[in-house]
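Okay, structure first, notes after.
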Amino acid sequence: MSASPSVSGKSDAAAAESYDVAVVGAGFAGMYMLYKLRGLGLSVRVYEQGGDVGGTWYWNRYPGARCDVESMQYSFSFSDELQQEWDWSERYAPQPEILRYANHVADRFDLRRDIQLDTTVERAIFDESANAWSVTTSDGNTVSANYVVLATGCLSNARMPDIEGLQDFKGKLYHTGHWPHEPVDFSGQRVGVIGTGSSAIQSVPVIAAQASHLTVFQRTANFSIPARNAALTPEEREAIRAKYPEIRRFAREQARNGIYTELPDRGALDDGDNERRSKYESRWARGGLTFMSVYNNLALDKAANDTAADFVRDKIAEIVRDPDTAKLLQPTTHPIGTKRICIDTDYFATFNRPNVTLVDIKSHPIERVLPHAVRAGGRDYEVDALVLATGFDAMTGSVARIDIAGRNGQTLNQKWAEGPKTYLGLMSAGFPNLFIITGPGSPSVLSNMIVSIEQHVDWITEAIGWMRERDLVAIEADKDAEDKWVAHVNEVAHSTLYPQANSWYMGANIPGKPQIFMPYIGGVGAYRQICNDVAAKGYEGFAMSAAPARRAAALSWVSSFS
Ligand code: NAP
């Protein structure tokens, strides 16, 4: 196989380009996949619907957007030169800097020549006789590829809420997950924000500082921990770089969530009230996602979880001066951490500003959007601009948009109609040579995404390399292995408190979506070990086969003896 595309069998129609691998998406997953597959000498074409690389960081440009995993960890580890040379400016880099980093990676590793931008993959059909995928893109082209890798991202399918009258709104309408590329200035404007998830929690303080008035429409209050973001000094960067071998190894092998931190060895109820409070205080002061790893049973034991939830509720009451507003902001509908915990800069304090109003749309639902207002609970809230921070069709949404047909013409949407089914989150039975990066059934969104992306890409690359050494051309998840894995993912999820929340992890934010806990909760270290063991056992649970010609030769050799 060559490192450049071949043009095979010119028909009357256009010549079909063929690649070893077609990759869908040029975010961090797609770019690293391309880099690794090139290392095997394969021809690769990456299709990206956006106008540039970066995936979710290309689209999510809303005010205040930044990562919630510390940047020195939310970054690639595969190249020591890269991690040594890139200077992150802040503890949590803002979106423009993460996008610059994505662009730097594309340039530094000369990735762009194999990435086709502004191109959506519309269809991928498996041709069983050719053992190849036929991939059709929005530019009208169809190419053939032995393998397809879905690097489509978990949170890239912005969801417009089904609110009556939205189309009649005459002011400026924005979605946090699909933000304009030009700067948006809310100065002097009355702005409404619908939603109070991570995107709103990051953007509300920034918008409030610009707007003449900000109205936040809250359906469900959320837990949020202060980020304690700050500039990184050269000394801090150097100290982390010097420890990178240990930090990266821990994140890959030992951490549950791919983040370097102390592993808790006690449950919350093992400590007395004072000791527990002082530990929560110290994590609150430190800031960030590791608040949840102060004890080892916060995701498992409701009574333990209540102690952390009460602590955060008390903090909200301390910060927010108006007791009624504070009460509304205190989450009560789900255990802390069972929806993705948010981290913020001054979110709760923003509600002390005279130009900010919180509207409880749980008890007074939005009735409709009017040309210049939002009507909720019989009252019209006038706005010049409306920001929808209403989230994503997470994990499966971007895959479902592609018309994917595997063996016997079965589509992936048909197969996943009652919820996604995968073996290890990597493949789905009936869809040979189709890999998913950070798909449902893998730790994915419960982890530092870059750690999980690197692990999946490395695993897929090794699997394809292993097959090539043995002249094998097809790999497919075994249905039994898949069923067992789906049951295991489900069983682990239900041994925790996570399913108690109506979260996007469960698909609960999309009306009609099957409510299945999608990511694998077992932890990235344990999951990596399982994937490594499967590979070491000759890809146990995957069926692999040789090319038809080779199979025919093997069969005729066998029959000559019979
Ligand atoms: P989200 O967590 O799904 O939050 C959506 C919000 O919109 C919720 O408050 C939801 O209320 C509300 N909502 C949805 N539909 C509504 C409707 N029809 N009417 C009224 N309210 C409605 O979405 P997100 O904030 O964009 O975050 C999604 C995920 O992206 C995060 O969990 C995180 O993993 C990732 N993210 C990360 C960062 C970061 O820090 N790096 C930043 C942003 C996002 P209900 O809760 O009642 O459904």
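We count ligands from 1, going down the list as the structure has it; atoms in each ligand are counted the same way. For the numbers below, each heavy atom of this structure counts, side chains included, while hydrogens, waters and symmetry mates do not.
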Thr196: heavy atom below 4.0 Å from ligand 1, yes or no?
-> yes
Donor + acceptor pair across side chains of Ser212, Gln189 (<3.5 Å) | no
Proximal atoms of ligand 1 relative to Arg159 (non-hydrogen, under 4.0 Å) | 15 (N)
Per-atom contacts, ligand 1 versus Gly195 - under 4.0 Å to a heavy atom = 6 (C), 7 (O), 9 (O), 12 (C)
Any non-hydrogen atom of Lys362 lying under 4.0 Å from ligand 1?
-> no
heavy-atom search around atom 45 (P) of ligand 1 in the protein gives Thr220 OG1, 3.4 Å
Taking atom types as modelled and ignoring hydrogens, do the side chains of Thr396 and Lys513 form a donor-acceptor contact shorter than 3.5 angstrom?
-> yes
With a 3.5 Å cut-off and no angle check, do the side chains of Ser224 and Asn222 form a donor-acceptor pair?
-> no
Would you mind running through ligand 1 and noting each atom that sits below 4.0 Å from a heavy atom of Cys67?
-> 41 (N)
Using the ring of Phe186 (Phe, Tyr or Trp, six-membered ring only), decide whether Arg190 places NZ or CZ under 6.0 Å from its centre and within 45 degrees of its axis.
-> no
Between Asn60 and Thr56, is any side-chain donor less than 3.5 angstrom from a side-chain acceptor?
-> yes
Under 4.0 Å to a heavy atom of Ile194 - the qualifying atoms of ligand 1, by number | 20 (C), 21 (N)
How about Gln218 and Leu358: do any of their side-chain heavy atoms sit closer than 4.5 Å?
-> yes
For atom 7 (O) of ligand 1, state which one of Ala389, Gly197, Gly391 supplies the nearest heavy atom.
-> Ala389
Are side-chain N/O atoms of Asn157 and Arg401 paired as donor and acceptor at under 3.5 Å?
-> yes
Using the ring of each side chain (for Trp, its six-membered ring), is Phe78 parallel, tilted or perpendicular to Phe109, with breaks at 30° and 60°?
-> tilted
Indicate, as side chain, backbone, both or neither, the part of Asp162 found under 4.0 angstrom from ligand 1 when only non-hydrogen atoms are considered.
-> neither
Provide, to 0.1 Å, the distance between atom 26 (O) of ligand 1 and the closest protein heavy atom, together with that atom's residue and name.
-> Ser199 OG, 2.6 Å
Under 4.0 Å to a heavy atom of Gln202 - the qualifying atoms of ligand 1, by number = 39 (C), 40 (O), 42 (C)
For atom 38 (C) of ligand 1, the option (of Cys154, Ser503, Ser198, Ala158) bearing the nearest heavy atom | Ser198
Give a yes or no answer on whether the side chain of Glu164 reaches the backbone of Arg368 with a donor-acceptor pair at less than 3.5 Å.
-> no
Which ligand 1 atoms, with their elements, are less than 4.0 angstrom from a heavy-atom of Tyr62?
-> 42 (C), 43 (C)
Option of least heavy-atom distance to atom 20 (C) of ligand 1 (set: Asn60, Ile361, Ile343) | Ile361
Relative to the heavy atoms of Pro161, which atoms of ligand 1 are at a distance of less than 4.0 Å?
-> 18 (N)
Check the surroundings of atom CD in Glu418: do more than 12 heavy atoms from other residues, nucleotides or ligands lie under 6.0 Å from it?
-> no
Starting from atom 32 (O) of ligand 1, locate the nearest protein heavy atom and write down its residue, its atom name and how far away it is, to 0.1 Å.
-> Trp504 NE1, 2.9 Å
From the candidates Lys339, His334, Met449, Arg219, the one that places a heavy atom nearest atom 46 (O) of ligand 1 = Lys339
